[in-house]
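What follows is a set of notes on a single structure, which appears directly below.
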Amino acid sequence: MPQTNPRWDIFCTVVDNFGDIGVTWRLARQLVAEHSVQVRLWVDDLRAFERLCPEIDIQLAQQWQQGVEVRQWPAEWLPVDAADVVIAAFACQLPAPYMDAMAARAQPPLWLNLDYLSAEDWVVGCHGLPSVKYRHVQKYFFFPGFRQDTGGLLRERGLLERRRKFQQDASAQREFLQGLGVDRAPGRQLISLFAYENAGLASWLDCLASDSTPSHMLVPEGRILGDVERWLGVEGLAAGDVHVRDGLTVQVLPFVRQDQYDLLLWSCDFNAVRGEDSFVRAQWAGRPLLWHIYRQDEDIHLDKLEAFLTLYTKGLTRPASEAISGLWRAWNAGVTMSDHWLATRKHSPELQQHAEAWCLEQALQDDLAAALVQFYVNWI
Ligand code: TRH
């Protein structure tokens, strides 16, 4: 029988950027809030965490944030009891003494590797399979995904209802944007830009600047700013800066907490996102999006990109499918975006409808936290 209040340990090593901590922090909060489990989140880089959650005190070895026990993953591991469920996020290596603690339990824990998100076919066959063993403790693969028979996507309870309410409430949107210093002029399309460095950006900005429909691009502080600076011909861009070039206003935003970033995505007509977590959040926003995928060795990320496009573009007319696929491929190749952007703009209404339909279709799946809890219940 499952215990009434099982303990979960989630281990996160921050490889780079914010996706590792972004996913595990979101998952930890949701498990506590919706499944009444106790969660300890072990993080090796509290500075990255602090960007997403400014309340984090980077000096503390142990602290509680939103019901989650946050532990600094120490260089010298101190003995602790292993939890009932142990999640190694993105194949991170657990401390050896902790593995011994898992093996020392009377009832071994459920040990899962929470993998990277991919739309590739093979994920369905591998989700839930046994992986390696440490002594008698079995590890399992747990794959998030877009298809039935995967672990699904992170989606908090009531998220889509909150999103729809916000998108129907013009004054809530205005108030939120004004809080960020953004004045949205009527008739301007609002675009958010969160991406890695990209040589294709200049051609996209050229195109937006010369478009008859004016655009307002919101750029949270981050890696793409160098390319924005080069295009604007300025240096040292920082949050609050606004520059206008013909029909395009470019505004730099502060990096905001995760919940606020959702509101930003919900406010925009089009969102450029990257990595894993912002990519999923843009899908829940129900608005057309552009994905800058995280680069991997031997270009294996390009297979992931194509796998997602194959799924995502089902149901689109051929011209709309070709337009959005062309735009995504150009962005990820860092080549000129102009023709692809113009083609995409032509199919805006269809792409908008499709973004909402895709979001609803994905929401038919169990969310990732619920799927993990169910996996545990079945395993017990
Ligand atoms: O930051 P990312 O590129 O993260 C990752 C890592 O590189 C990781 O190693 C890699 O494996 C993975 O991508 C695929 O992109 P991601 O996943 O979108 O994470 C960004 C997080 O930052 C996400 O949780 C949203 C959040 N965020 C905010 O909270 N506020 C902001 O203002 C912005 C722009 C993002």
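FYI, side chains are in, hydrogens and waters are out, and symmetry mates aren't considered; it's all heavy atoms of this structure. Both ligands and their constituent atoms are indexed starting at 1 by order of listing.
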Closest protein heavy atom (residue, atom, distance) for [atom]:
| atom | result |
| --- | --- |
| atom 27 (N) of ligand 1 | Phe255 CZ, 3.5 Å |
| atom 32 (O) of ligand 1 | Val256 N, 2.9 Å |
| atom 23 (C) of ligand 1 | Asp277 OD2, 3.3 Å |
| atom 4 (O) of ligand 1 | Gly19 N, 2.8 Å |
| atom 18 (O) of ligand 1 | Ser278 OG, 2.6 Å |
| atom 9 (O) of ligand 1 | Asp16 OD1, 2.7 Å |
| atom 2 (P) of ligand 1 | Arg274 NE, 3.4 Å |
| atom 21 (C) of ligand 1 | Phe18 CB, 3.6 Å |

In this structure, is the centre-to-centre distance between the rings of His127 and Phe141 below 6.0 Å?
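Not under 6.0 Å, so no.
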Looking just at side-chain N and O atoms, do [X] and [Y] make a donor-acceptor pair shorter than 3.5 Å?
| X | Y | result |
| --- | --- | --- |
| Asn332 | Trp291 | no |
| Gln258 | Asp262 | no |
| Thr213 | Arg345 | yes |
| Asn17 | Tyr294 | no |

What are the atoms of ligand 1, with element, lying closer than 4.0 Å to any heavy atom of [X]?
| X | value |
| --- | --- |
| Leu52 | 22 (O), 26 (C), 28 (C), 29 (O) |
| Pro220 | 34 (C) |
| Arg257 | 29 (O) |
| Gly275 | 13 (O), 14 (C), 15 (O), 17 (O) |
| Glu276 | 14 (C), 16 (P), 17 (O), 18 (O) |
| Gly22 | 24 (O) |
| Tyr116 | 11 (O) |

With a cut-off of 3.5 Å and sequence neighbours excluded, list every side-chain donor-acceptor pair involving residues 351-359.
residue	atom	partner	partner atom	Å
Gln352	NE2	Gly286	O	3.0
His354	NE2	Tyr312	O	2.5
Glu356	OE1	Arg163	NH1	2.8
Glu356	OE1	Arg163	NH2	3.3
Glu356	OE2	Arg163	NH2	3.1
Trp358	NE1	Gln283	OE1	2.9

Can you find a non-hydrogen atom of Tyr196 under 4.0 Å from ligand 1?
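Yes; Tyr196 lies near enough to ligand 1 that a heavy-atom distance drops under 4.0 Å.
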With Phe143, which of Phe90, Trp122, Tyr116 fulfils ring pair (Phe, Tyr, Trp, His ring centres under 6.0 Å)?
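Checked Phe90, Trp122, Tyr116 against Phe143; only one passes ring pair (Phe, Tyr, Trp, His ring centres under 6.0 Å): Trp122.
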Ring geometry between Phe11 and Trp77 (parallel below 30°, tilted from 30 to 60°, perpendicular above 60°):
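The rings of Trp77 and Phe11 sit tilted, inter-plane angle from 30° to 60°.
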Any side-chain heavy atom of Ile87 sitting closer than 4.5 Å to one from Leu372?
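Ile87 reaches Leu372 side chain to side chain.
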Output every pair passing salt bridge (charged side-chain N to carboxylate O under 4.0 Å, His left out) with a member in residues 217-234, not counting sequence neighbours, ordered by first then second residue.
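Those involving residues 217-234 are Glu197-Arg223, Asp227-Arg230.
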